There are 2 protein chains.
Amino acid sequence: MVAPSLRARVRAGMIEEIKTVARRHLDTDGANLSLRAVARDLGMVSSAIYRYFPSRDDLLTALILEAYDALGDAVEAADAAADQADLRGRWLAACRAARAWALAHPAEYALLYGSPVPGYAAPDDTVAPAQRPPVTLVGILRDGLATGRLAPPGEDLSEPLRGDVAELVGLLGMDVPPALLARGMAGWTQLFGLISFELFGRINRALPHRDEYFDHQIGLMADLVGLP
Amino acid sequence: MVAPSLRARVRAGMIEEIKTVARRHLDTDGANLSLRAVARDLGMVSSAIYRYFPSRDDLLTALILEAYDALGDAVEAADAAADQADLRGRWLAACRAARAWALAHPAEYALLYGSPVPGYAAPDDTVAPAQRPPVTLVGILRDGLATGRLAPPGEDLSEPLRGDVAELVGLLGMDVPPALLARGMAGWTQLFGLISFELFGRINRALPHRDEYFDHQIGLMADLVGLP
DNA sequence: CTGCGTCAAGAGCGGCGCTCTCGCTTTTGA
DNA sequence: TCAAAAGCGAGAGCGCCGCTCTTGACGCAG
């Protein structure tokens, strides 16, 4: 561990500063991040940014990675803070944490889960952090199965699908029946849909009590996945 | 009804041609539609487009309206084509039709349900066509309740929410218990989430049998809303 | 035939992502 | 120690973009 040189430290600070300003622009101006505007805010010329990020997409990728981790942290922390024996409480807490993070960072949420930026292809290192929220949800179900608090799913998957999902189970390293993983993914899909509708859509314009609506819907979903 | 002049007919044809080319660009190049590229394809100069659409956003709005109607048509047609007594069959057919349309027109689906375009605000006339798919789904539930094939929902909504949803029931002109409308919206939310994950996400990269996965998940959801 | 409304074209404005060059400073290694 | 190497910011410039304004040609009704 050699001490970083002055230049390396200044460089790291500069990278952080660029990301901070870019995140601010993202939250105020929406998804179309302008490198030139970020550079102006920093009192630099746009070409100087390219010393730190080889392209606008790479800057976006850095922001996306941090956002995935922030969301994953929030969801996992909420799950961990709940009474571990109260499966339904853990599930609801994880869902509420995801929504709270999304409402607090709408532009970053849109970056993660909105329509993909046309020219942009997410690199592979975004896959693992992106899976943290659904893995957390499925983990709650796995704990329930392991402690006997959750009944095994009554349905099973028909053949071509069971192989796929079983492989996914192995990939995630979670020992659950494929049908239960499918239920967990249904819950994750519903959670994503609820948050997206609230953030993007105008569905809920007629629903002033958004918190109650969200709670009711994740309650329905907790019933579906089998949480008592 | 006066006969349209030659000029008016040419103008209407030109508007259609612009929309057709723009839709093609949308499907190939993604969401960032370039007025100049559309004009090039038409052998025009970019400024000429402004004779027909006052701005790029107005062209986008025209495409969005048509896309909402196309999706609504597809979903309603699938529902109408099914055996009206088979509620679950109608529900599944409507869901499959929505997915099929989205897979056939991914860029237009992204325009409707992806993250909102930064500067763009959807005008009010997009609200009604946007509600056609969820209204279709809830309509199936309403028919089930009316014919006694669907049991009324066991749960009820707690107070601040019940008023909201009851108002929404009146707004849509559908006579269903608020809790049932909430279930229908849960189904619509799930459908949107499933399609969006398949189109945008990389969740299903490990699931080659997408049709089967989709069918399994909408089957779960049909169970939740109470369809036998 | 004349004048009005519509049309396509062109020039131009400011902004964008990105590249390349040019001096300047810091770091590095013989 | 001191020159070579590497990193840095500024600037000019490329080809895009949405959009505006002006110009000259054309169809059409009075």
Side-chain angles (χ1 to χ4, degrees), chain A residues 1-19 21-22 24-26 28-64 107 111 116-123, chain B residues 2-19 21-26 28-64 107 111 116-121:
Chain A
M1 187 59 157
V2 61
S5 68
L6 168 73
R7 186 174 250 166
R9 273 180 289 131
V10 169
R11 179 180 176 84
M14 198 66 189
I15 288 180
E16 278 312 307
E17 204 166 348
I18 291 174
K19 286 198 285 192
V21 173
R24 200 174 62 222
H25 274 253
L26 216 57
T28 60
D29 296 357
N32 49 359
L33 182 68
S34 159
L35 265 189
R36 290 180 115 109
V38 172
R40 266 195 302 272
D41 264 25
L42 289 166
M44 302 172 72
V45 117
S46 73
S47 58
I49 302 278
Y50 288 84
R51 294 281 174 196
Y52 302 95
F53 294 94
S55 77
R56 175 177 168 278
D57 280 358
D58 289 85
L59 174 54
L60 274 180
T61 298
L63 296 177
I64 287 175
L111 208 56
V117 183
Y120 177 79
Chain B
V2 62
S5 70
L6 169 76
R7 231 212 290 258
R9 273 181 288 131
V10 170
R11 180 181 176 82
M14 197 66 190
I15 289 180
E16 277 313 305
E17 204 166 345
I18 292 174
K19 285 198 286 192
V21 173
R23 199 162 20 231
R24 201 175 60 221
H25 274 254
L26 215 58
T28 60
D29 296 356
N32 48 0
L33 181 68
S34 159
L35 264 191
R36 290 179 116 109
V38 171
R40 265 195 304 272
D41 264 24
L42 289 167
M44 304 171 71
V45 120
S46 73
S47 58
I49 302 279
Y50 287 85
R51 293 276 172 198
Y52 302 95
F53 293 94
S55 77
R56 176 178 168 274
D57 279 359
D58 289 85
L59 175 54
L60 273 182
T61 299
L63 295 176
I64 287 177
L111 207 56
V117 182
Y120 177 79

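In what follows, chains are A, B, ... by sequence order, proteins preceding strands, each numbered from 1. In this text the structure is predicted, and so the values were computed from the model without any measurement.
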What is the distance from [atom1] of [X] to [atom2] of [N], rounded to the nearest Å?
| X | N | atom1 | atom2 | result |
| --- | --- | --- | --- | --- |
| A/Asp29 | C/dG15 | CG | P | 14 Å |
| B/Arg9 | C/dT6 | CZ | C1' | 16 Å |
| A/Ile15 | D/dC8 | CD1 | C1' | 13 Å |
| A/Met44 | D/dG9 | CE | P | 4 Å |
| A/Met14 | D/dC8 | CE | P | 10 Å |
| A/Leu35 | D/dC16 | CG | C1' | 15 Å |
| A/Leu42 | D/dG9 | CG | P | 10 Å |
| A/Leu59 | C/dC16 | CG | P | 14 Å |

Original post:
According to a strict under-4.0 Å criterion, is A/Arg36 in side-chain N/O contact with OP1 or OP2 of C/dG15?
Top reply: no
Original post:
D/dG7 phosphate, OP1 or OP2: any side-chain N/O from A/Arg11 under 4.0 angstrom?
Top reply: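 No, because none of the side-chain N or O atoms of A/Arg11 sits under 4.0 Å from OP1 or OP2 of D/dG7.
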**OP:** Could you tell me whether the side chain of A/Arg51 reaches within less than 4.5 Å of the side chain of A/Met44, counting heavy atoms only?
**Re:**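 No, every pair of side-chain atoms sits at 4.5 Å or beyond.
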Original post:
So do the side chains of A/Tyr52 and A/Leu59 get within less than 4.5 Å of each other, counting heavy atoms only?
Top reply: no
Original post:
What are the two closest non-hydrogen atoms of B/Ala39 and B/Ser46, and how far apart are they?
Top reply: CB-CA, 3.7 Å
Original post:
Where the side chain of B/Arg56 is defined as all heavy atoms beyond and including C-beta, which of D/dC19, D/dG9, C/dG10 is the nearest nucleotide?
Top reply: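 In terms of side-chain proximity for B/Arg56, the closest of D/dC19, D/dG9, C/dG10 is D/dC19.
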Original post:
Do B/Asp58 and B/Thr61 have side-chain N/O donor and acceptor atoms under 3.5 Å apart?
Top reply: no
Original post:
What string of B, S and - do you get for nucleotides 19-26 of chain C, 5' to 3', if B is base contact, S is sugar-phosphate-only contact and - is no contact with any protein heavy atom under 4.0 Å?
Top reply: BB----BB
Original post:
Which part of the nucleic acid does B/Leu33 contact within heavy-atom distance under 4.0 Å: base, sugar-phosphate only, or nothing?
Top reply: sugar-phosphate
Original post:
Just checking A/Tyr52: base, sugar-phosphate only, or nothing, at a heavy-atom cut-off of under 4.0 Å?
Top reply: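 Sugar-phosphate, no base atom in range.
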Original post:
Atom CG of A/Leu60 and atom CG of A/Leu111: how far apart are they, to the nearest 0.5 Å?
Top reply: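 Reported to 0.5 Å precision, the distance equals 5.5 Å.
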Subject >> Nearest-0.5 Å distance, NZ of residue B/Lys19 to CG of residue B/Leu26 >> reply: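 Going from the NZ atom of B/Lys19 to the CG atom of B/Leu26 covers 13.5 Å.
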**OP:** List the steps and the verdict of side-chain contact (heavy atoms from CB on, under 4.5 Å) for A/Leu63 and A/Leu33.
**Re:** CA-CA 11 Å; A/Leu63 296 177; A/Leu33 182 68; 4.2 Å; yes
